[in-house]
Amino acid sequence: MPPILPDDLQLLPKVDLHRHLEGCLRLPTIIDLAARANAELPGWTPEDLAPHAQVLEPLSSLEEALGRFGIAQRSFRDYEAVRRITLEAVEDLDADNVRLAELRYSPDFLCSPAGLDWDGAFEAILQGVDDARGLDVAVGLIAIASRDLGGSSARRTVEWAVRHAGDLVGFDIAGPELGYPPALYSNLVRPIHEAGLGLTTHYGESGPAEYPLAAMEALRTSRLGHGVSVAHDANVEAIAIERGVALEMCPTSNVRTRAVPRVEEHPARRLLRQGAKVTINTDNPGLFGIRLTHELELARDRIGFDYEDLRRATGNALEASFLPEQVKDGVRARHFGWVGSQP
Ligand SMILES: [Zn+2]
């Protein structure tokens, strides 16, 4: 007998593989940190700040949505702020019954406004995760090279990530996509593979299907951030399925950055049922004002997932997570009996 799943998806233990630390901030925390620093803000209540610090409606493009990160980015004012934001990110995961999560951030993007030291900021993040250890959320950390910060920033991020490979689970390439084809990064990611780090790359969000195809072939990416345009080309779709490349799909984000025109047209269900390793994630819960429960509700109520689809997407996420197998086995045993054995 398959387990009976609750109608209230909040009650379901969940997995989020695609969540940016810089996109996790609570509005009251942004306000509190700015007040303590005597800094400027365009609004001093959550209601007044929201239009400036969040993306609550579809924007014209991914690039416009990325521009809304400025206020969150400036909140990483000192190491204590970094620790607090990380701790609160894990508290929010726990409150939404997310039991395994990978948090990703771009050291250059996060550290630049306040001139923080990359190692110091990472120590503060590790401290924030450690401060949340009583919450029973398994957390893996992913370092991001931001495409728009240029080649030398990307190379520095790779060197840094390799040096910290013991405390990271993976590496990502993110930011504006158009004009940054995967071929630019084929040499860059070699040390990441050699260091044994998992590789996920933001491709197929605003770029054509050739980009995720090249990310699979030239970069040997094992996961694609969004990967929506995989659905635009039957050949690319077949390759993603054959290689078992996980697609980190994020319905609200994909609508608000115009990766899909309407959530009902999201290809997640079709791809999943065709055998693609679709997963459902938040991308930026603070920026978009959402939780993972909300994304699974969208999948169920607007994209047409049934419980078997939800089960399979969660099983895919557990399988594709870069966390060590023994950690995943423990999390499975404690929380994911409802997922059952792997599809
Ligand atoms: Zn993302």
Side-chain angles (χ1 to χ4, degrees), residues 15-25 53-55 58-59 61-70 72-73 85-86 89 92-93 98 101-110 139-149 154 157 161 168-178 180 182 185 189 198-207 211-212 215 219 221-230 245-260 263 266 268 277-292 294-295 298 313 317 320-322:
V15 177
D16 195 335
L17 295 185
H18 191 128
R19 189 178 285 229
H20 295 258
L21 183 62
E22 302 95 325
C24 283
L25 280 79
Q54 290 187 311
V55 175
L59 296 181
S61 67
L62 171 63
E63 288 67 26
E64 190 186 358
L66 292 174
R68 291 283 176 92
F69 271 106
Q73 185 190 20
I85 290 165
T86 308
D92 290 348
L93 287 161
V98 180
E102 296 181 6
L103 289 174
R104 59 185 72 195
Y105 78 104
S106 164
D108 202 355
F109 178 83
L110 185 149
V139 176
L141 297 170
I142 294 174
I144 299 177
S146 300
R147 287 186 278 251
D148 52 327
L149 298 182
T157 310
L168 293 167
V169 298
F171 191 82
D172 180 20
I173 300 172
E177 183 176 347
L178 291 169
Y180 298 94
Y185 306 102
V189 299
L199 181 66
T200 177
T201 53
H202 278 70
Y203 277 111
E205 185 178 17
S206 59
Y211 281 21
L219 305 184
T221 199
S222 64
R223 297 177 3 199
L224 285 162
H226 306 289
V228 174
S229 69
V230 165
V245 170
L247 307 180
E248 304 161 359
M249 300 186 130
C250 310
T252 292
S253 172
N254 297 152
V255 172
R256 297 204 182 148
T257 66
R258 306 259 183 204
V260 295
V263 73
H266 201 290
K277 294 229 174 292
V278 169
T279 67
I280 299 293
N281 310 275
T282 51
D283 206 9
N284 299 293
L287 186 78
F288 296 128
I290 57 166
R291 300 179 303 159
L292 185 56
H294 175 265
E295 298 306 281
L298 280 183
S321 166
F322 295 142

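Order of listing sets the numbers, starting from 1, for every ligand and every atom in it.
Although no hydrogens or angles enter the test, the distance criterion places a donor-acceptor pair under 3.5 Å between the side chain of Gln73 and the main chain of Phe109. Side-chain atoms of Glu102 come within 3.5 Å of backbone atoms of Phe322 as a donor-acceptor pair (strictly under, hydrogens ignored). Within the 3.5 Å criterion, the main-chain N or O of Ala145 finds no donor-acceptor partner in the side chain of Ser106. Side-chain N or O atoms of Glu205 include none that pairs as donor or acceptor with a backbone N or O of His226 at under 3.5 Å. With hydrogens and angles disregarded, no donor-acceptor distance shorter than 3.5 Å links the side chain of Asn284 to the backbone of Gly286.
Rounding to 10 degrees gives 100° for the angle at the Zn ion (ligand 1) between NE2 of His20 and NE2 of His202.
At a threshold of 2.8 Å, the Zn ion (ligand 1) has no backbone or side-chain N, O or S atom of His226 nearer than that distance. With a cut-off of 2.8 Å, the Zn ion (ligand 1) has no N, O or S atom of Glu248 in range. For Cys250, every N, O or S atom stays at 2.8 Å or more from the Zn ion (ligand 1).
Asp283 contributes OD1 as its N, O or S atom closest to the Zn ion (ligand 1).
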